[in-house]
Each structure stands twice: as structure tokens, then as C-alpha cells.
S.K.: 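Before I ask anything, let me first share the structure, which is written out below as C-alpha cells.
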Number of protein chains: 2
Amino acid sequence: MSIHEVARRAKVSIATVSRTINGVSTVTPQLSRRVWRVIEELGYYPNTQARSLVSGRSRIFGLIVSEITNPFFPEIIQGFEDIAVQNNYEILTTSTVHDPKRIALSVRRMIERRVEGVAIVTFGMEEALFDDLKSRKIPLVFIDVGPPLPRISNIRIDYQHGIREAVQHLAALCHERIAFISGPLILKSAMARQRAFIESMEEIGLAVDPNHLIEGDHTMEGGIKALKKILNFPKRPTAVICSNDMTAIGVMRQSYEEGVHIPRDLSLVGFDDIRLAQFMIPPLTSIKMSQTEIARMAFNALLSEVQRDIPSPDGTEYVLRTSLVLRDSTAMAPAGARKKVSVLKKSAE
Amino acid sequence: MSIHEVARRAKVSIATVSRTINGVSTVTPQLSRRVWRVIEELGYYPNTQARSLVSGRSRIFGLIVSEITNPFFPEIIQGFEDIAVQNNYEILTTSTVHDPKRIALSVRRMIERRVEGVAIVTFGMEEALFDDLKSRKIPLVFIDVGPPLPRISNIRIDYQHGIREAVQHLAALCHERIAFISGPLILKSAMARQRAFIESMEEIGLAVDPNHLIEGDHTMEGGIKALKKILNFPKRPTAVICSNDMTAIGVMRQSYEEGVHIPRDLSLVGFDDIRLAQFMIPPLTSIKMSQTEIARMAFNALLSEVQRDIPSPDGTEYVLRTSLVLRDSTAMAPAGARKKVSVLKKSAE
DNA sequence: AAAATCCGAGAAAACGTTTTCTTGAATGAC
DNA sequence: GTCATTCAAGAAAACGTTTTCTCGGATTTT
């Protein structure tokens with residue numbers, strides 16, 4: 001039951017039991033053995049609540065994700081959990097399903113549980129929702145593109161690198177009209193990806209038709225809708241880059257529906273490189289953003305923040321690089337639409 | 001900071017603050033207002049640990065799943081979380097990745113946190129691992145096929161119904177040689193599905209070729225391997241039923257690789273009906289086992305167990321029905337292999 | 001051999017709550 | 001007008017730990 005019961009049966013004080021369990025200070029081997037035996041006999045497990053009440057350390061980290069049903073996130077959660085186990089931490093996960101109320105509630109619960117830190121892996125949210133955390137000086141780590149905020153660590157994703165690779169890859173396959181399906185543009189991260197796309201296109205001297213920037217919503221349904229739009233354009237793009245893999249899956253699905261063959265009629269590039277990508281038909285070329293790595297970085301950021309007695313005035317910035325993974329969903333542009341230098345100018349208008 | 005600070009500033013006792021917060025017993029409206037104002041001002045959130053230490057109720061349920069990276073589980077987690085939020089519970093989720101050590105650790109942590117109940121949604125595990133929970137009389141709910149154990153609730157999945165529908169559907173399409181890719185047969189649930197398949201086949205008068213019972217492992221990779229085997233059989237099956245959708249996705253993937261067209265050359269049925277199923281190419285016919293429903297049942301089972309002051313001697317048994325969802329991955333058997341009555345006997349040998 | 005030091009282990013305080021017990025003022029009954 | 005009753009709010013105990021303080025016996029030092 002409680003430590004008192006153990007103490008009573010072992011005929012020692014509760015202090016000795018506590019010391020035995022924590023292996024701290026010195027306890028005679030003889031006594032220690034006696035105590036351990038009683039603990040085993042009783043199947044006694046210490047009460048974490050009481051423990052952390054007095055120690056002031058909960059050994060819990062919070063993890064807030066956008067929506068657990070998007071396969072991108074479970075990989076992160078798993079990675080986070082794996083490393084948490086190694087470090088004797090527990091995690092309290094919340095899937096906010098994009099509901100500000102849920103986020104607020106979750107933040108509140110985490111504070112009430114006195115979590116030692118919170119990792120926020122949700123692409124875009126109202127930052128004000130986390131003010132409570134900030135004002136309580138609870139270590140925070142965001143996964144985003146923003147500049148380091150005071151006292152808040154940030155894992156910046158280098159979207160540019162992977163996207164540039166994708167654009168170059170498509171250009172090398174003579175694609176000229178490349179569309180980009182973004183996430184909801186209110187999100188900073190979605191905006192950043194789109195900007196990276198535009199910059200990469202300009203860099204390489206390809207024109208971006210504003211019509212070819214389509215706002216999606218990071219879901220498969222969004223991918224379906226987006227492709228429908230794309231197919232209605234008078235000058236169809238010959239390649240599409242999606243800002244996440246779920247969107248790309250939707251695009252593939254709708255292409256099948258409409259008889260558009262990937263990659264023969266349309267080249268497709270995803271983003272995130274979720275595990276599923278390689279099992280798609282055809283296997284999806286995607287821009288990798290290692291979920292395991294994100295999880296590892298986020299956890300370590302929190303851990304080092306917690307272990308540091310004097311918190312760093314500014315948060316630390318970590319950077320995660322993205323890079324293209326080639327598979328079978330991209331191919332040479334259809335013969336009729338291949339890029340020729342002379343065409344370039346014209347199609348830019 | 002703490003309730004004392006609030007009490008000091010509002011010039012009341014801590015008891016009054018506690019009463020105000022909990023809205024229990026009577027506290028003068030005037031005082032109540034004064035207290036609430038201070039609470040707001042200070043941004044005071046009560047410490048859950050202290051709370052549940054004295055109240056003896058943690059308001060946490062544990063949720064143990066096999067592997068969060070299998071899309072089947074996130075849907076359950078989301079459902080569980082949704083209903084938990086409504087009921088003011090929090091959940092501690094663990095993805096065990098099939099590691100008994102991880103399960104044991106997780107169980108231990110949950111006991112240490114004094115969870116009020118645990119839902120175990122992992123298809124097959126050593127039950128002994130949960131003895132600690134049982135002996136502490138912590139409400140438990142399993143998702144499985146077993147008979148109700150003493151004091152343990154159980155959500156039995158009626159595999160038979162959905163599988164029978166699938167077999168009948170395939171038979172109606174003149175399939176005769178139907179293969180079944182199971183999960184790891186050490187798992188009770190995997191065994192149950194396979195048995196349901198065999199029984200359904202016999203029921204309808206179709207022979208089961210023992211070679212056509214292939215043991216998979218519930219992963220996409222397992223599906224790939226299984227299909228390779230199947231394609232090597234002298235008398236190829238014309239239809240395959242998989243015991244989960246991930247396996248089916250692997251099968252689709254490998255079919256593509258080998259130039260086997262689904263559903264023209266091979267009909268395919270999955271199991272679970274995860275959301276992804278409808279986005280596959282072609283959309284996957286699958287046996288639906290509603291994840292939301294499982295989550296709801298599991299949560300309610302725990303909740304009613306907790307609320308009941310005298311625990312029921314035996315656990316309650318709940319039943320979830322499965323049923324076939326038709327999509328495009330099944331079609332008429334190839335002309336050469338259609339079932340004829342006269343052939344039936346012969347092919348059974 | 002006496003004094004000084006060390007150290008193992010118990011007593012008790014503390015953590016932040018809820019809840020029971022107590023108190024004292026106000027209300028109602030006669 | 002006195003006494004009983006009610007009820008709001010404070011005091012204090014309790015929850016199960018960790019940790020500081022204290023004590024007393026054993027060991028070391030001279």
C-alpha cells in the first residue's frame with residue numbers, strides 16, 4: 001500500500017525505506033536487504049504523485065501535436081516516447097485536432113500536472129495559447145520556422161534545401177509548369193514552404209504561374225480537390241509538388257480516378273516522407289523531414305533546458321535539414337510539354 | 001503559486017479557496033467573487049498532484065497500444081482522447097512496439113501514477129504482464145476474443161460476421177481459391193480471424209488449401225513477403241483476404257511491382273478499414289472494425305467500472321460487430337479460374 | 001582511556017491540496 | 001429576551017512521499 005506499511009513490516013522508519021528505494025545516502029546492506037524483501041513481497045510501488053509533490057519534479061513532458069491521425073505525427077510520438085523511456089520520463093500527449101479550445105485545455109491540464117516541459121509539434125497555431133506556459137517559465141520547444149523567441153527553443157526546418165532539390169530534379173526532367181499545393185496559408189510553416197518553392201523556381205529560372213499555387217489543407221481530401229482544380233487549367237502543369245504526403249496521396253487517388261497516370265502524365269513529389277510514401281503506387285518521391293530526428297531534437301532541447309539550472313535567456317535554435325528522396329512518382333515531362341529555352345519567356349506571362 | 005498565496009491575497013483561509021474552486025459546500029457570493037478575482041489575477045492553477053494525492057482519484061486512464069505507427073491505432077487514440085476530454089479525464093498513452101519489457105515498464109508507471117483504469121488495445125500479449133494491474137483491482141478492459149475473465153471487461157470483436165461477408169462476396173464473384181494472410185499466429189486474435197475464415201469457407205462449401213493460409217505479421221512488409229509466396233504457388237489463389245489493412249497495402253504494393261493487376265488478376269480484401277483504405281489505388285475493400293466505436297466502448301467500460309462503487313465480480317463483455325465495406329479491389333475471378341460446381345470437389349484435395 | 005569524529009537511522013517538517021472538525025455569529029422559536 | 005439551531009468560514013488533520021535535523025552508538029585520534 002504505502003511506504004508506511006513497508007516500514008512497519010520491515011521494522012524500520014519510513015525514511016529508511018525512502019532511502020533504500022532511492023539508493024541515496026547510506027543504508028546498511030543488511031537493512032537494505034530487509035526492506036527490499038518487504039517491498040517485493042508487498043509488490044509496493046511508490047506513489048508518483050506524492051513523490052513529485054515533494055520533490056517538485058514531475059518527470060513528465062507534454063507533447064502537443066496537430067492531429068494524431070495524420071501518419072506524420074505518430075512517428076514523432078513514437079520517437080519521443082522511445083527517448084523519453086530511456087531517460088525515465090513520461091509523456092502526456094494531446095492531439096488538438098486544430099481546435100484552439102482543445103489546445104487551451106490541454107495547456108491548462110499540463111500546467112496543472114506540472115509538466116517539466118512541452119514540445120509543440122503542430123504546424124501553426126496561435127502562439128498566444130502558449131502564453132500561460134511561457135509566463136510560468138516552463139521550457140518550451142516549437143517546431144517551426146520562426147526566429148528564436150525569448151526563452152523558447154525552436155527547431156527550424158530548413159524547407160528550402162529539400163524543395164530546391166525537388167525543383168531542380170523536376171527541371172532536369174524537363175518539367176516547366178510545376179504546381180505547388182500548399183497547406184493552409186494562415187500557417188507560417190505552410191507559407192514558408194510555398195515561399196521556398198517560389199524562390200527555388202526563380203533561382204532556376206522557371207516562371208511561377210500564380211494559378212499554379214493552390215492552397216490545400218494538408219489532408220487527402222484537400223489533395224483530391226486540388227488535383228481537380230489543376231486538371232481544369234487550360235495549361236495543365238506537368239508536375240506537382242505537395243507540401244505534405246497526405247496531400248500527395250489524395251492527388252494520387254484522384255489521378256487514378258481521372259485516368260491520369262503518375263508519373264507518365266503527371267510527376268508528383270510529396271513532403272515529409274512518411275513511411276507510407278514508399279508503399280504507395282507508384283512509390284512516392286518525397287522530401288524527407290525525419291520524424292525521428294525531430295522527436296530526438298525536441299526531447300533533447302527540453303531535457304537540456306530542464307537540466308540547466310540557469311535557463312538560457314534566449315531559446316536555442318536547432319536546424320533540421322530536408323532532402324529529396326527519389327522514387328517512382330516522377331518522370332520525364334510528357335513529350336509535348338518539355339521545356340525549351342525559347343518557350344520559357346512565353347509561358348511566364 | 002499555491003493555494004496559500006491565493007488565500008493570503010484574498011484574505012481568506014485556504015479551505016475557502018478550495019471550496020470556491022470546487023464549488024462545493026457554501027461560500028458567500030461576496031467572498032467567492034473576491035477569491036475568483038485573485039485566482040484570475042494570479043493565474044493560479046491548482047496542482048493536480050496534490051489534489052489527487054488527497055482525493056485518491058487521479059482522473060487518468062492508461063491506454064496501451066501495440067504500435068502507434070500502425071494507422072489503426074491513432075484513430076483509437078483520438079477517439080479515446082475525445083471522449084476522455086468530454087469526461088474530464090486525461091490519458092497516458094503507451095506504444096509498446098511489441099516489447100514485453102516496454103509493456104511491463106508501462107504498466108509499472110501507470111500503477112505508480114495511480115491511473116484509475118487501463119485500456120489495452122494490443123492484439124495479443126502475455127496476459128501475465130497485467131497481473132500487477134489485476135491484483136491491485138485496477139479496472140481493465142481488453143480488446144480481444146477471449147472469454148470474460150474474472151473482474152476484467154472485454155470487448156469481443158465479432159470477427160466471424162465480417163469475414164463471412166467477405167468470403168460470401170468473393171464466392172459470389174466466382175472465386176474459389178481464396179488465400180488468407182493472417183497475423184502472427186501466437187496471437188489469439190490472429191488465430192481467431194483465421195479460424196473465422198476457415199469456418200466461413202467451409203460453411204459455403206469451399207475448400208481451404210492449407211498452403212493458402214499464410215502467416216503474416218500485420219505489417220506492410222509482411223504483406224509484400226506473403227504475396228511473393230502466393231505468386232509462387234502452382235495454383236495461384238485468385239483472391240486474398242488479409243487480416244489487417246497494412247498487410248493489404250503491402251500486397252497491393254508488391255502486386256504493382258510484379259505486374260499483377262488488382263482487382264483484374266487478383267481480388268483483395270483488407271481488415272480494419274482504416275481511413276487510408278479508401279484512398280488506396282484501387283480503393284480497398286475491407287472489413288470494417290470501427291476504431292471510434294472501440295475507443296468509445298473501452299472508455300465507457302472503464303468509466304462505468306470506476307463509477308460503480310462495488311465492482312462487478314466478472315468483467316462485462318461488450319461485442320463489436322464487423323462488416324464488409326465494398327470498394328474497388330475485388331472483382332470477378334479471372335475467366336479461366338471461375339468456380340464451377342464440378343470443379344469444387346477436385347480442387348479441394 | 002578519554003575526547004573527537006563519523007555515520008547510520010529515526011523524528012519531524014514540508015510539499016499543496018481536500019475534508020473533517022470546530023467555532024462563533026446570525027437567525028429563528030418560544 | 002433567552003436559548004436552540006443553522007451555517008459560513010477558519011483550524012487542523014490527512015494523503016504519501018523526500019529531506020533536513022537530531023541523536024546515539026561506534027570508530028578513530030591522541
Side-chain angles (χ1 to χ4, degrees), chain A residues 1-36 38-39 42-60 88 90 108-116 136 138, chain B residues 1-36 38-39 42-60 88 90 108-116 136 138:
Chain A
M1 209 59 170
S2 87
I3 204 174
H4 289 94
E5 179 71 5
V6 177
R8 206 174 56 74
R9 296 219 194 185
K11 299 194 203 313
V12 296
S13 71
I14 60 165
T16 301
V17 178
S18 173
R19 282 192 274 253
T20 305
I21 290 173
N22 295 299
V24 74
S25 171
T26 37
V27 151
T28 308
Q30 181 200 7
L31 265 199
S32 174
R33 267 198 305 278
R34 206 163 84 208
V35 171
W36 276 120
V38 176
I39 289 178
L42 253 51
Y44 163 76
Y45 289 167
N47 182 325
T48 311
Q49 297 161 150
R51 260 186 164 182
S52 56
L53 180 58
V54 43
S55 74
R57 309 218 26 205
S58 64
R59 296 203 79 83
I60 303 187
N88 247 295
E90 285 172 80
R108 168 160 201 147
R109 294 269 177 273
M110 287 182 178
I111 295 175
E112 288 178 346
R113 290 247 174 245
R114 303 295 191 260
V115 297
E116 295 182 23
R136 282 174 171 78
I138 297 176
Chain B
M1 208 60 169
S2 88
I3 204 175
H4 289 94
E5 178 71 6
V6 177
R8 205 174 56 73
R9 296 220 194 184
K11 299 195 203 312
V12 295
S13 72
I14 60 165
T16 301
V17 178
S18 173
R19 282 192 274 252
T20 305
I21 290 172
N22 295 299
V24 75
S25 171
T26 39
V27 76
T28 308
Q30 180 199 5
L31 264 198
S32 174
R33 269 198 304 276
R34 205 164 84 207
V35 171
W36 275 119
V38 176
I39 290 178
L42 253 52
Y44 163 75
Y45 288 167
N47 182 325
T48 310
Q49 297 160 151
R51 260 187 165 182
S52 57
L53 179 58
V54 44
S55 74
R57 309 217 27 203
S58 63
R59 296 205 78 83
I60 303 187
N88 247 295
E90 287 172 78
R108 168 157 201 148
R109 294 270 177 273
M110 288 183 178
I111 295 175
E112 289 177 345
R113 290 245 174 246
R114 303 296 190 259
V115 297
E116 295 182 23
R136 282 173 171 79
I138 296 176

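Every value quoted in this text rests on a predicted model; they were computed, and no experiment measured them. No hydrogens, no waters, no symmetry mates; every other heavy atom, side chains included, goes into these values. Letters A, B, ... mirror the listed sequences (proteins, then strands); counts begin at 1.
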S.K.: Using a heavy-atom cut-off of under 4.0 Å over every strand shown, decide if B:Val27 touches base, sugar-phosphate, or nothing.
M.R.: sugar-phosphate
S.K.: Anything under 3.5 Å between a protein N or O and an N or O of nucleotides 22-26 of chain D, put it in a table, one pair a line.
M.R.:
none

S.K.: Got a sec, which pairs hit salt bridge (charged side-chain N to carboxylate O under 4.0 Å, His left out) with one end in residues 48-57 of chain A, sequence neighbours left out?
M.R.: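 Found A:Arg57-A:Glu116.
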S.K.: Applying side chain to side chain donor-acceptor pair (under 3.5 Å), name anything that partners B:Ser52, two or more places apart in sequence or on another chain.
M.R.: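 Per chain and number, B:Ser52 pairs via side chain to side chain donor-acceptor pair (under 3.5 Å) with A:Gln49.
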S.K.: Taking protein heavy atoms under 4.0 Å as touching, what does nucleotides 12-18 of chain D look like 5' to 3' if B marks base contact, S marks sugar-phosphate-only contact and - marks none?
M.R.: ---BBBB
S.K.: Once salt bridge (charged side-chain N to carboxylate O under 4.0 Å, His left out) is applied, what residue pairs with a partner in residues 9-24 of chain A remain, sequence neighbours excluded?
M.R.: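 Counting only pairs at least two positions apart or across chains, the salt bridge (charged side-chain N to carboxylate O under 4.0 Å, His left out) contacts touching residues 9-24 of chain A are A:Glu5-A:Arg9.
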S.K.: Tell me every residue that passes salt bridge (charged side-chain N to carboxylate O under 4.0 Å, His left out) with B:Arg34, counting only those two or more places apart in sequence or in another chain.
M.R.: none
S.K.: Taking side chain to side chain donor-acceptor pair (under 3.5 Å) as the test, write out the residues that go with A:Glu90, two or more places apart.
M.R.: B:Arg113
S.K.: What's A:Val12 touching, base or sugar-phosphate or nothing? Going by heavy atoms closer than 4.0 Å.
M.R.: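 Sugar-phosphate: the residue A:Val12, judged by heavy atoms under 4.0 Å, touches backbone atoms but no base.
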S.K.: Among residues at least two apart in sequence or on other chains, which ones pass side chain to side chain donor-acceptor pair (under 3.5 Å) with A:Thr16?
M.R.: A:Ser13
S.K.: With a 4.0 Å limit, can you tell me whether B:Thr16 has a side-chain N or O closer than that to the phosphate oxygens OP1/OP2 of D:dA9?
M.R.: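 Result: no.
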S.K.: In chain order, what residues pass the side chain to side chain contact (heavy atoms under 4.5 Å, CB included) check against A:Arg136, with sequence neighbours excluded?
M.R.: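 Partners of A:Arg136 under the side chain to side chain contact (heavy atoms under 4.5 Å, CB included) test: A:Ile111, A:Asp132, A:Ile138, B:Tyr45.
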S.K.: Can you check whether B:Arg114's main-chain N or O pairs, donor with acceptor, with B:Ser58's side chain at less than 3.5 Å?
M.R.: yes
